[in-house]
Amino acid sequence: QVQLVESGGGLVQAGGSLRLSCVASGDTFRITAMGWYRQAPGQQRELVATVIKDGSTNYADSVKGRFTVSRDNNENTVSLQMNNLRPEDTAVYFCNARTTLYVAARRDYDHWGQGTQVTVSS
């Protein structure tokens with residue numbers, strides 16, 4: 001069982017910055033990856049950035065060079081530093097944590113926060 005609590009969303013002007021944070025609790029020892037997804041009105045949820053246990057990161061093309069994802073606090077927190085924000089970054093941002101079990105075969109489970117609104121004004 002993993003619970004995720006997000007913070008840091010808000011309203012910012014284009015070109016500004018925000019830092020999102022997500023704190024995981026519960027069976028955090030099973031977490032193998034954490035990251036952020038976002039969903040704009042009328043759109044499907046999409047990947048923003050993830051970081052796996054070995055430190056490797058993955059970014060959506062639209063945020064490369066502007067956003068930085070990191071894990072800290074004993075791997076129980078994932079942060080997303082968002083710089084040079086654009087109106088098209090406006091969305092609800094969801095924290096994600098993946099836990100992995102090995103019972104005869106590998107099994108992955110995804111856990112989600114409630115989301116935090118990021119609005120970028122032009």
Side-chain angles (χ1 to χ4, degrees):
Q1 302 276 16
V2 173
Q3 293 185 344
L4 304 171
V5 179
E6 301 133 324
S7 63
L11 175 65
V12 65
Q13 294 182 350
S17 299
L18 284 174
R19 184 176 180 87
L20 305 182
S21 181
C22 173
V23 179
S25 61
D27 295 335
T28 58
F29 65 93
R30 300 188 187 276
I31 294 175
T32 55
M34 296 185 73
W36 294 90
Y37 293 71
R38 68 187 181 187
Q39 186 170 16
Q43 303 295 317
Q44 298 278 9
R45 184 174 61 190
E46 64 178 358
L47 179 145
V48 178
T50 60
V51 56
I52 62 177
K53 191 174 182 179
D54 68 1
S56 299
T57 57
N58 184 38
Y59 294 92
D61 288 342
S62 61
V63 308
K64 287 180 179 178
R66 300 188 298 119
F67 292 9
T68 302
V69 65
S70 61
R71 290 180 67 184
D72 56 15
N73 190 28
N74 298 315
E75 308 296 333
N76 294 335
T77 299
V78 61
S79 298
L80 184 68
Q81 179 66 45
M82 305 185 293
N83 297 326
N84 193 23
L85 284 161
R86 305 165 180 170
E88 53 263 41
D89 295 318
T90 296
V92 177
Y93 285 69
F94 296 91
C95 180
N96 168 265
R98 171 163 288 188
T99 57
T100 301
L101 299 177
Y102 294 90
V103 182
R106 172 176 170 173
R107 298 178 183 271
D108 294 325
Y109 301 87
D110 285 308
H111 311 267
W112 299 94
Q114 292 185 339
T116 184
Q117 177 71 47
V118 171
T119 302
V120 184
S121 61
S122 60

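For the atom pair CZ of F67 and CE of M82, the computed distance is 5.5 Å after rounding to the nearest 0.5 Å. Once rounded to the nearest 0.5 Å, the distance linking OG of S121 with CZ of R86 reads 15.5 Å. The line from OH of Y37 to CG of D110 is 6.5 Å long, rounded to the nearest 0.5 Å. Atom-to-atom distance recorded for R19:CZ and L80:CG is 8.5 Å, nearest 0.5 angstrom. Taking CG from L101 and CZ from R107, the interatomic distance works out to 8.5 Å, rounded to the nearest 0.5 Å. Here the CD1-NE2 distance, from I31 to H111, works out to 7.5 Å after rounding to the nearest 0.5 Å.
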- Task: Might you work through the side-chain contact (heavy atoms from CB on, under 4.5 Å) test for S21 and T77, ending with a clear yes or no?
- Result: CA-CA 7 Å; S21 181; T77 299; 3.6 Å; yes
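Proximity of R66 to D89: side-chain heavy atoms (C-beta onward) are separated by under 4.5 Å at one or more points. Side-chain contact check for V69 versus T50: every heavy-atom pair is 4.5 Å or farther apart. The side-chain heavy atoms of T99 and F29, taken from C-beta on, include no pair separated by under 4.5 Å. N58 is listed as a side-chain neighbour of L47, based on a closest heavy-atom distance under 4.5 Å. In this structure the side chain of L20 reaches within 4.5 angstrom of the side chain of V118, judged on heavy atoms. Contact of the Q81 side chain with the S17 side chain is registered, since non-hydrogen atoms from C-beta on lie closer than 4.5 Å. Taking the side chain as every heavy atom from C-beta outward, L4 and V2 approach each other to under 4.5 Å. With a 4.5 Å cut-off on side-chain heavy atoms, W36 and C95 count as touching.
The hydrophobic cluster of Y102 has no other members, since no ILVMFWY side-chain heavy atom comes under 4.5 Å of it.
A donor-acceptor pair under 3.5 Å is formed between the side chain of T90 and the backbone N or O of P87.
When all heavy atoms of R71 and V51 are compared, the closest pair comes out as CG-CG1, 3.1 Å. Here the shortest heavy-atom pairing between A49 and Y59 reads CB-CD2, 3.5 Å. The shortest heavy-atom contact between L85 and L18 is CD1-N, 3.8 Å.
With 3.5 Å as the limit, one finds a donor-acceptor pair spanning the side chains of R38 and Y93. For the residue pair T119 / Q117, a side-chain donor-acceptor distance below 3.5 Å is found, with atom types taken as modelled.
By the rule that hydrophobic residues join a cluster once side-chain heavy atoms approach within less than 4.5 Å of another member, V12 and V48 end up as members of one cluster. In the hydrophobic cluster analysis, where Ile, Leu, Val, Met, Phe, Trp and Tyr join through side-chain heavy atoms closer than 4.5 angstrom, V120 is grouped together with V63.
Every pair tested for side chain to side chain donor-acceptor pair (under 3.5 Å) that includes a residue from residues 6-15 fails, sequence neighbours excluded, so the list is empty.
More than 12 heavy atoms of other residues, nucleotides or ligands lie within 6.0 Å of CD in Q39, so this atom counts as buried by the packing criterion.
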